[in-house]
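Shown next, in structure tokens, is the structure this report addresses.
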Amino acid sequence: MQIRQITADERPDTMWPLQAYAFLPSPWTDEQAAANRRRMTFFSTAVNLIAEEDGKTLAGAVALPMRENLRGVVHRMAGIASVATHPSARRRGLVRALLERLLRQMRDEGCELSALYPFRPSFYAKFGYVGLPRQRTATFAPEGLSHLVRADLPGEVERLPMQEGFAELDALTVRLLGERHGFAVYDETRTAEFREMKRWVAVARAGGEVVGAVVYKIDDHAGDLVAGDLLTTGPLGRALLLQFFARHVDQVARIVVTVSPDDVPELWGTDLAVTTESKVSFPAAPGPMARVLDLMALTGTPAGDGAVTVEVVDDELIGGVYRLEGDGGRLAVNRGGSSETRLTAAGLSGLAYGVLDPVDVATRGLGHVDASAIEPLRSLFPRALPYLFADF
Ligand SMILES: CC(C)(COP(=O)(O)OP(=O)(O)OC[C@H]1O[C@@H](n2cnc3c(N)ncnc32)[C@H](O)[C@@H]1OP(=O)(O)O)[C@@H](O)C(=O)NCCC(=O)NCCS
């Protein structure tokens with residue numbers, strides 16, 4: 001077996017049959033294969049690895065170049081996708097070999113973080129990933145927002161076809177990348193495909209700037225208005241977009257919109273009856289997972305006061321002993337020392353992303369946290385809910 005990096009042009013004849021078999025209804029049609037071939041222009045910057053034997057492709061894995069905000073600092077991130085093995089070659093360690101090489105390569109090329117949507121989290125936990133919150137959907141009748149229909153808000157919303165609204169939408173996501181913990185975006189090459197989506201974009205503007213945008217479609221008269229993430233810079237952008245939704249009263253029965261894990265739709269209006277839910281199942285509806293690929297690169301991350309030495313164990317990428325110090329509101333990471341506190345890469349990543357308390361790390365079996373390390377770790381890495389927006 002040999003591992004080889006291939007170009008996007010080689011993907012349709014090597015990786016795609018594995019992906020299509022794993023993720024699509026099959027047998028697939030010639031039209032589906034041709035449509036996939038046309039998409040390859042959007043994957044020219046991806047790193048594609050395959051495992052081959054006797055000229056046959058047995059497994060593949062891809063890293064998409066992305067950027068992600070971790071506690072206010074934007075890092076390069078490797079978005080892992082298209083992981084699949086031929087059914088007759090499964091459980092031979094092929095994906096383990098591919099992922100180990102892919103993550104090392106991405107780290108060496110400067111990616112400090114990695115994220116993905118798992119088919120089963122326990123599989124990726126073996127590779128150092130930890131679970132992040134899944135996005136939630138709010139479902140409500142537009143009548144619930146009737147207080148907004150005639151409200152005089154200082155701004156306006158324009159409805160545009162995706163092609164026309166794409167530039168402002170894209171610029172808003174790049175702005176939010178700098179402002180929101182967990183937020184992630186693809187590079188320009190991959191993002192360009194979203195311009196082709198058959199969707200509306202509602203763009204909210206106030207004082208000459210974009211303060212919100214949401215991608216949506218209407219499935220039928222008296223049906224649902226189904227929206228993607230409610231992307232806003234703050235409460236005014238949200239109010240403008242909700243007002244736009246409210247004005248669909250008597251046109252659609254329900255609004256279904258994706259919201260960040262820290263949004264609270266029941267507070268959007270006094271008489272708003274709303275169901276806010278996040279259903280997690282595998283493999284259909286997983287929450288995302290993420291990990292740190294380069295711990296030294298977290299120097300400079302906003303952090304509380306405290307100092308502690310930890311050992312990261314069982315991980316080729318970030319294994320070793322580190323001194324972590326919060327100094328003047330910023331984290332300093334240095335190698336060396338010794339410690340009774342032993343964290344797996346997933347445990348360390350859970351602290352860095354703000355999704356696990358040091359006590360959770362221990363109770364989840366992601367490390368041994370010495371009693372003296374609990375308070376410093378809690379102070380250095382206070383809880384912070386990441387919002388992993390990465391797609392329209
Ligand atoms: C999931 C899949 C990619 C695994 O590929 P594979 O080449 O069989 O994986 P490996 O043999 O390298 O296994 C790697 C490790 O994961 C474990 N593992 C494999 N399949 C697993 C599963 N379904 N659930 C939990 N663990 C699993 C293996 O035991 C192995 O553990 P070890 O290295 O500690 O011994 C493959 O079964 C597949 O293509 N499935 C359908 C498509 C899919 O779900 N892709 C993932 C999308 S996120």
Side-chain angles (χ1 to χ4, degrees), residues 1-6 11-28 32-33 36 39 43 46-54 56-64 66 68 77-106 111 113-135 184 186 190 279-291 293 312-319 344-347 349 364-367 388 390-391:
M1 188 275 288
Q2 63 150 3
I3 292 179
R4 184 164 70 91
Q5 183 169 344
I6 58 166
R11 280 175 54 147
D13 297 321
T14 53
M15 293 183 67
W16 192 73
L18 301 177
Q19 286 171 252
Y21 187 80
F23 305 118
L24 296 179
S26 63
W28 51 87
Q32 283 173 302
N36 170 67
R39 291 183 68 210
F43 290 85
V47 176
N48 316 297
L49 294 187
I50 55 170
E52 294 176 312
E53 213 167 59
D54 303 327
K56 276 179 67 179
T57 307
L58 298 182
V62 173
L64 297 159
M66 300 181 71
E68 185 179 23
M77 186 264 264
I80 303 300
S82 308
V83 176
T85 302
H86 191 286
S88 22
R90 288 179 186 165
R91 304 295 196 280
R92 277 178 43 190
L94 294 181
V95 158
R96 173 167 281 283
L98 280 173
L99 275 182
E100 284 176 355
R101 169 147 160 202
L102 186 60
L103 294 180
R104 197 179 332 119
Q105 181 170 338
M106 296 312 288
C111 284
L113 306 173
S114 176
L116 51 79
Y117 280 87
F119 72 103
R120 177 174 292 282
S122 54
F123 179 82
Y124 289 102
K126 292 184 186 210
F127 296 92
Y129 289 83
V130 70
L132 305 187
R134 182 170 164 80
Q135 71 210 32
Y186 292 111
R190 179 72 194 89
K279 277 193 196 152
V280 171
S281 68
F282 310 112
M289 297 181 87
R291 66 159 289 165
L293 293 181
V312 180
V313 295
D314 304 329
D315 192 78
E316 201 208 318
L317 298 170
I318 60 169
T344 62
S349 299
R364 290 269 308 272
L366 300 175
L388 190 100
D391 215 331

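As the structure is a prediction and not an experimental result, all values here were calculated from the model. Remember, it's 1-based here, ligands and their atoms both numbered in the order they're listed.
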Check: Going by the order shown, which atoms of ligand 1 are within less than 4.0 Å of some heavy atom of Arg92?
Finding: 11 (O)
Margin query: Has Arg291 got a side-chain atom pairing as donor or acceptor with Ser114's backbone, closer than 3.5 angstrom?
Written below: no
Margin query: Contact between ligand 1 and Gly93 is defined here as a heavy atom of the residue under 4.0 Å from a ligand atom; is it met?
Written below: yes
Margin query: Around atom CZ of Arg364, are there more than 12 heavy atoms from other residues, nucleotides or ligands closer than 6.0 Å?
Written below: no
Next item on the list: Measure the CG-CD1 distance between Leu102 and Ile3 for me, rounded to the nearest 0.5 Å.
Entry: 9.5 Å
Notebook entry, point to check: Phe127 ring centre to Arg96 NZ or CZ under 6.0 Å, with the angle to the axis within 45°?
Noted result: yes
Check: For atom 45 (N) of ligand 1, which protein heavy atom lies nearest, and how many Å away is it?
Finding: Val83 O, 2.7 Å
Notebook entry, point to check: Looking only at protein heavy atoms, which one is nearest to atom 42 (C) of ligand 1, and how far off is it?
Noted result: Ala22 CB, 3.5 Å
Check: Should the proximity of Arg120 to ligand 1, defined as any heavy atom under 4.0 Å, be assigned to the side chain, the backbone, both, or neither?
Finding: side chain
Check: Under 4.0 Å from atom 35 (O) of ligand 1, is there any protein heavy atom?
Finding: no
Check: So does Phe123 have more than 12 non-hydrogen atoms from other groups sitting under 6.0 Å from CZ?
Finding: yes
Check: Who gets closest to atom 17 (C) of ligand 1 by heavy atom: Phe23, Phe119, Tyr117, Phe123?
Finding: Phe123
Notebook entry, point to check: When you measure from atom 2 (C) of ligand 1 to each heavy atom in Leu98, Leu94, Thr85, which option holds the nearest one?
Noted result: Thr85
Check: Considering only protein heavy atoms, which is closest to atom 8 (O) of ligand 1, and at what distance to one decimal place?
Finding: Arg91 N, 2.6 Å
Next item on the list: Measure from the side-chain N and O atoms of Arg11 to the backbone N and O of Ile6, and report whether any donor-acceptor pair falls under 3.5 Å.
Entry: no
Next item on the list: Could you tell me whether ligand 1 has any atom less than 4.0 Å away from a heavy atom of Ala59?
Entry: no
Notebook entry, point to check: Which of the listed options, Arg90, Arg96, His86, holds the heavy atom that is closest to atom 33 (O) of ligand 1?
Noted result: Arg96
Notebook entry, point to check: What is the nearest protein non-hydrogen atom to atom 30 (C) of ligand 1, stated with its residue, atom name and distance?
Noted result: Lys126 NZ, 4.2 Å
Check: For ligand 1, which part of Tyr124 has a heavy atom less than 4.0 Å away: the side chain, the backbone, both, or neither?
Finding: side chain
Notebook entry, point to check: How many angstroms lie between CG in Leu94 and CG in Leu58, if you round to the nearest 0.5 Å?
Noted result: 6.0 Å
Checklist line | Heavy-atom side-chain contact between Trp28 and Pro17 under 4.5 Å | finding: yes
Margin query: Regarding atom 3 (C) of ligand 1: of the candidates Val95, Leu18, Leu116, which has the closest heavy atom?
Written below: Val95
Margin query: Under a 3.5 Å distance rule, please check whether Arg120 uses its side chain to pair with a backbone N or O of Pro283 as donor and acceptor.
Written below: no
